[in-house]
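See structure below.
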Amino acid sequence: MSENLSLEGRLKKIKLMVFDVDGVLTDGRLYLNDRGEEMKAFNTLDGHGLKMLQSSGVEVAIITGRRSETVALRAKNLGVNHLYQGVENKKEAFLDLIQTLNLSTDVVGFMGDDWIDLPAMKLSGLAVTVPAATEEVQQRAHLVTLRAGGEGAVRELCERIMKAQGTFDRHLAQYLD
């Protein structure tokens, strides 16, 4: 990670934003029913933020340590084409993704909340986390969102990127006209 670039400069450069799921796109809790089926709750504000970010020209990807059909469905509903599930080594998945998309690490951001996310966060040009993240992750992030994971943190980040890149007002105008 280059330490010389300002947060605003990092936000402006982003071409791909990668998200963890549990604790970032969700509040981190796992719901299991009596049959052992997993359920997750996603925030609709975050979902709309991801759609707006994509329509503004920033690619979106998900890299998660768990495997869940719910996540696959959510990614499909949001038009997220780059989904890595059941990943034990997020650094390897991160490097595979940026190689596939032919991007350099400085134009790619990663939003995570736990130690497993640190290797990818350290490589990224923009490392973002949430207030409930571990202390070690918060210390190494360029930005800690004000909102919690699963409660608008992703939307907050999407809007910050769009504002830095000058695409926010165009999206908002669609709802004001």
Side-chain angles (χ1 to χ4, degrees), residues 1-21 23-25 43 45-64 78-84 87 90-176:
M1 284 188 306
S2 170
E3 298 302 322
N4 298 332
L5 202 54
S6 70
L7 176 59
E8 187 74 11
R10 292 175 188 282
L11 292 163
K12 282 181 183 178
K13 290 179 76 169
I14 295 302
K15 293 182 180 179
L16 168 68
M17 194 65 215
V18 183
F19 297 89
D20 176 35
V21 175
V24 173
L25 284 166
N43 186 300
L45 293 175
D46 288 343
H48 189 67
L50 290 171
K51 285 182 175 182
M52 289 188 307
L53 189 62
Q54 290 176 95
S55 71
S56 74
V58 175
E59 285 277 339
V60 171
I62 294 172
I63 299 177
T64 179
L78 296 174
V80 176
N81 297 318
H82 310 287
L83 174 61
Y84 292 71
V87 175
K90 291 190 180 183
K91 178 181 177 180
E92 285 180 9
F94 180 84
L95 291 172
D96 178 69
L97 176 61
I98 64 171
Q99 181 180 12
T100 298
L101 296 176
N102 197 29
L103 295 171
S104 60
T105 57
D106 64 319
V107 298
V108 181
F110 193 98
M111 186 173 189
D113 69 321
D114 207 349
W115 293 1
I116 190 173
D117 302 311
L118 282 172
M121 289 175 71
K122 284 179 61 181
L123 284 176
S124 70
L126 174 67
V128 184
T129 194
V130 295
T134 66
E135 181 179 338
E136 296 78 14
V137 172
Q138 288 190 36
Q139 289 172 348
R140 289 161 178 83
H142 300 113
L143 171 66
V144 178
T145 60
L146 298 175
R147 293 186 181 144
E151 297 180 14
V154 168
R155 175 65 171 266
E156 178 184 330
L157 173 61
C158 291
E159 288 184 4
R160 288 200 66 173
I161 293 170
M162 291 168 58
K163 286 176 182 176
Q165 295 183 358
T167 60
F168 179 85
D169 290 338
R170 176 173 46 92
H171 280 84
L172 180 60
Q174 296 173 39
Y175 302 96
L176 299 176

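Just the heavy atoms: all of them, side chains too, but no hydrogens, waters or symmetry mates, feed the values below.
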Task: Partner set under side-chain hydrogen bond (donor to acceptor under 3.5 Å, both in side chains) for Lys13, not counting sequence neighbours - done: Asp106

- [ ] Please name the pair of heavy atoms, one in Pro119 and one in Trp115, separated by the smallest distance, quoted to 0.1 Å.
- [x] CD-O, 3.6 Å

Open item on the list: Return the CG to CE distance between Leu172 and Met52, rounded to the nearest 0.5 Å.
Closed with: 8.5 Å

Open item on the list: Has Glu156 got a side-chain atom pairing as donor or acceptor with Arg147's backbone, closer than 3.5 angstrom?
Closed with: yes

- [ ] Check the pair Phe19 / Thr64 against side chain to side chain contact (heavy atoms under 4.5 Å, CB included), numbers first and verdict last.
- [x] CA-CA 8 Å; Phe19 297 89; Thr64 179; over 6 Å; no

Open item on the list: Nearest 0.5 Å, please: how far is OH in Tyr84 from CD1 in Ile62?
Closed with: 12.5 Å

Task: Student check: side-chain heavy atoms of Met17 and Val108 closer than 4.5 Å - done: no

- [ ] Examine distances only and state if a side-chain atom of Glu59 and a backbone atom of Val80 form a donor-acceptor pair shorter than 3.5 Å.
- [x] no

TODO: Using a cut-off of 6.0 Å, state whether more than 12 heavy atoms not belonging to Gln139 lie near its atom CD.
DONE: yes

Task: Shortest non-hydrogen contact between Val58 and Ile161, atoms and distance - done: CG2-CG2, 4.3 Å

Task: Residue pair Gly152 / Asp46: nearest heavy atoms and the distance that separates them - done: CA-OD1, 3.0 Å

- [ ] Might you work through the side chain to side chain contact (heavy atoms under 4.5 Å, CB included) test for Leu7 and Leu143, ending with a clear yes or no?
- [x] CA-CA 8 Å; Leu7 176 59; Leu143 171 66; 4.1 Å; yes

- [ ] Starting at OG of Ser124, measure out to CG of Asp117 and round the result to the nearest 0.5 Å.
- [x] 10.5 Å

Task: Minimum side-chain heavy-atom gap Met111-Thr129 below 4.5 Å - done: no

TODO: Would you mind reporting whether Val154 and Leu50 have side-chain heavy atoms less than 4.5 Å apart?
DONE: yes

Task: Derivation and outcome, side-chain hydrogen bond (donor to acceptor under 3.5 Å, both in side chains), residues His171 and Ser56 - done: CA-CA 8 Å; His171 280 84; Ser56 74; 5.5 Å; no

TODO: Output the distance between atom CD (Glu151) and atom CG (Leu45), rounded to the nearest 0.5 Å.
DONE: 11.0 Å

Task: For the student: nearest non-hydrogen atoms of Pro131 and Ala148, plus distance - done: CD-CA, 4.1 Å

Open item on the list: For a quick test of reading the model, state the closest non-hydrogen atom pair linking Ala164 to Leu11 and the distance between them.
Closed with: CB-CB, 3.5 Å

Task: Arg155/Glu159 ion pair, N-O < 4.0 Å - done: yes

Open item on the list: Salt bridge or not between Asp20 and Lys90? Use side-chain N to carboxylate O under 4.0 Å.
Closed with: yes

- [ ] Check whether any side-chain heavy atom of His142 sits under 4.5 Å from a side-chain heavy atom of Val128, and report yes or no.
- [x] no

- [ ] Any chance you could measure Leu97, atom CG, to Phe110, atom CZ, to the nearest 0.5 Å?
- [x] 10.0 Å

Open item on the list: Within this structure, what is the CE-CG distance for the pair Met121 and Asp114, rounded to the nearest 0.5 Å?
Closed with: 10.5 Å

Open item on the list: With a 4.5 Å cut-off on side-chain heavy atoms, are Asp113 and Thr134 touching?
Closed with: no

TODO: Return the minimal non-hydrogen interatomic distance between Gly112 and Val137, and the atom names on each side.
DONE: O-CG1, 4.1 Å

Task: Student check: side-chain heavy atoms of Leu95 and Leu123 closer than 4.5 Å - done: yes

Task: Side chains of Phe94 and Thr105 in contact at under 4.5 Å (non-hydrogen atoms) - done: yes

